[in-house]
Protein chains: 2
Amino acid sequence: MTTGIAPDIALPRSHSAKRLCIIEAAARVFCREGFAGANIDLIAAEAGVSRQTVYNHHGDKEKLFVAVVQDISDRTNAAIFETLSTFPDRPDDLEADLVEFAVRLNRNCVCNSEGRFLRKLLQAESDRYPELFSGWCDQGPAKIWAALGARFARLAHAGLIEIDEPDMVARQFLALINADLQMLLQMGRQPSEEQQRQSAQNAVRMFLRAYGKRP
Amino acid sequence: MTTGIAPDIALPRSHSAKRLCIIEAAARVFCREGFAGANIDLIAAEAGVSRQTVYNHHGDKEKLFVAVVQDISDRTNAAIFETLSTFPDRPDDLEADLVEFAVRLNRNCVCNSEGRFLRKLLQAESDRYPELFSGWCDQGPAKIWAALGARFARLAHAGLIEIDEPDMVARQFLALINADLQMLLQMGRQPSEEQQRQSAQNAVRMFLRAYGKRP
DNA sequence: ATATTTTTGGACATTCTTGTCTAAATTGTC
DNA sequence: GACAATTTAGACAAGAATGTCCAAAAATAT
């Protein structure tokens, strides 16, 4: 967690380290308290940094907020697409492989702290900063539906499932894998591994009952 | 919308009328701004009432907030169970009837302003007031899953569908009817009638593909 | 019409927060 | 070890919001 990376340009080491610390702490506090309720003194304390340093780095509460959302958005998008790349294109056991994929999706993108943060802030502040979040929306969810839809289309082409509208099927798949978790997620709680797996299993079973190849 | 009801006890008319006005205005403002960001002057102005009157009625910003959540929770629960009572127990055309039911659910419970309010505040403030929202959770969602599950079980008993775990199936149904709307709902936007219907239709079609009786 | 209750508008003290400034201390570099 | 940059702690001004108090005005009931 220190640095250890190539010193491309002579970055003041602890400078950028503190920058990250601040972003992380700010993310936690914004997530807990919302934009209006977040207190810069608290952010500074939680980052282990003086208040002035926060202002030195980010200038402004609003700028800090935007930086935090940007950062988390990017990280979440990366996680989504990385997980997407593990889709079982040539499944051994379609049901089991889809369950594992769904579990990964839940764990790495939906139920982790970044996912929770984004969901919460999206709902709380997307009215106030429409461009900020709709940007994420176009690059994240909109693309993931298309990408996941394409994967399902390929499965259909391989004769493993039968579907008509891949994008819609992708949305249904995503909705289903959270069906059992919705209330927990909405209350900002972290579902257990076991709950995540159970939810994924139930989802895939129904999914294949609807779209699986019939004998 | 005035009074018109039997004057059981000699209620000062505009007294309780103003009480309602304040609750409604506070709901709007809390929903827009969150608890911390909500401004009592603004609530008073939006209710068409002086600030002092707000304090006379509810004493405290926190008490006001609790009263608002209680009020909206009760109304939403009532709407849910009323809609639930229109479930097609003896369907004429199962698919069409389920679609209509899903549309009603979306319109009266999920996509309306109370639904939006509750979703937003649940996510924003359920950490700070756990008892307040978990109370609603036990009386609302938990019961609706059971109740809707029982309806599906009856359909299964009548030989119209084939299911194993009614409660889980109920959760899947509810998740599916919002699959296409999730992003809009999460951003606090109001999906159009057409979008709501489309989403319901897609959901029911998949639902019956999975659980409908096969010839 | 009168008496009672509620509402109003505004002044007010208090607290909290943001954002700036400055001098001292710490850190890292040469 | 000396020098430069960053960080720190604390003071500070300005503004905003909560909640209280009060006297005048309005509405309600008798």
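In what follows, chains are A, B, ... by sequence order, proteins preceding strands, each numbered from 1. No hydrogens, no waters, no symmetry mates; every other heavy atom, side chains included, goes into these values.
Rounded to an integer number of Å, the gap from Asn56(A) CG to dG19(C) C1' is 12 Å. The distance between atom CD of Gln52(B) and atom C1' of dT8(C), rounded to the nearest whole Å, is 9 Å. For the pair Asp41(A) CG and dC12(D) C1', the computed distance is 14 Å after rounding to whole Å. Rounded to an integer number of Å, the gap from CD of Glu33(A) to C1' of dT17(C) is 14 Å. As rounded to whole Å, 5 Å separates atom P of dG19(C) from atom CG of Asp60(A). Here the P atom of nucleotide dC16(C) and the CD1 atom of Ile40(B) are 17 Å apart, to the nearest Å. For Ile22(A) and dT8(D), the CD1 to P distance is 8 Å, given to the nearest whole Å. Rounded to an integer number of Å, the gap from NZ of Lys63(A) to P of dT18(C) is 15 Å.
Using a 4.0 Å cut-off between charged side-chain N and carboxylate O, Arg128(B) and Glu125(B) make a salt bridge. Between Asp71(A) and Arg75(A) there is a salt bridge, with a side-chain nitrogen of the basic residue lying less than 4.0 Å from a carboxylate oxygen of the acidic one. Ion pairing between Arg32(B) and Glu46(B) holds under the 4.0 Å rule for side-chain N and carboxylate O.
You won't find any donor-acceptor pair under 3.5 Å spanning the side chain of Arg51(B) and the base of dG9(C), going by distance alone.
Residue Ala38(B) is classed as a sugar-phosphate contact, given heavy-atom separations below 4.0 Å to backbone atoms only.
Relative ring orientation between Phe173(B) and Phe207(B) is described as perpendicular, the plane-to-plane angle rising above 60° on a 0-90° scale split at 30° and 60°.
In this structure, Asp89(A) and Arg154(A) have side chains that are in contact, with non-hydrogen atoms separated by less than 4.5 Å. When side chains are defined from C-beta on, Leu84(A) counts as touching Phe101(A), because their heavy atoms get closer than 4.5 Å.
Here the side chain of Arg116(B) pairs a donor or acceptor atom with the backbone of Cys111(B) at under 3.5 angstrom.
Computed from C1' positions of five pairs at each end, the angle between the two local axes of the helix from dA1(C)-dT30(D) to dC30(C)-dG1(D) equals 30°, rounded to 10 degrees.
Checking the phosphate oxygens (OP1, OP2) of dT6(C), no side-chain nitrogen or oxygen of His57(B) falls inside 4.0 Å. In this structure, Asn39(A) does not reach the dC16(C) phosphate: none of its side-chain N or O atoms is under 4.0 Å from OP1 or OP2.
Nearest nucleotide to the side chain of Thr53(A), out of dG9(C), dG19(D), dT8(D): dT8(D). Minimum atom distance to the side chain of Tyr55(A) is reached by dT18(C), of the listed dT18(C), dT8(D), dT20(D).
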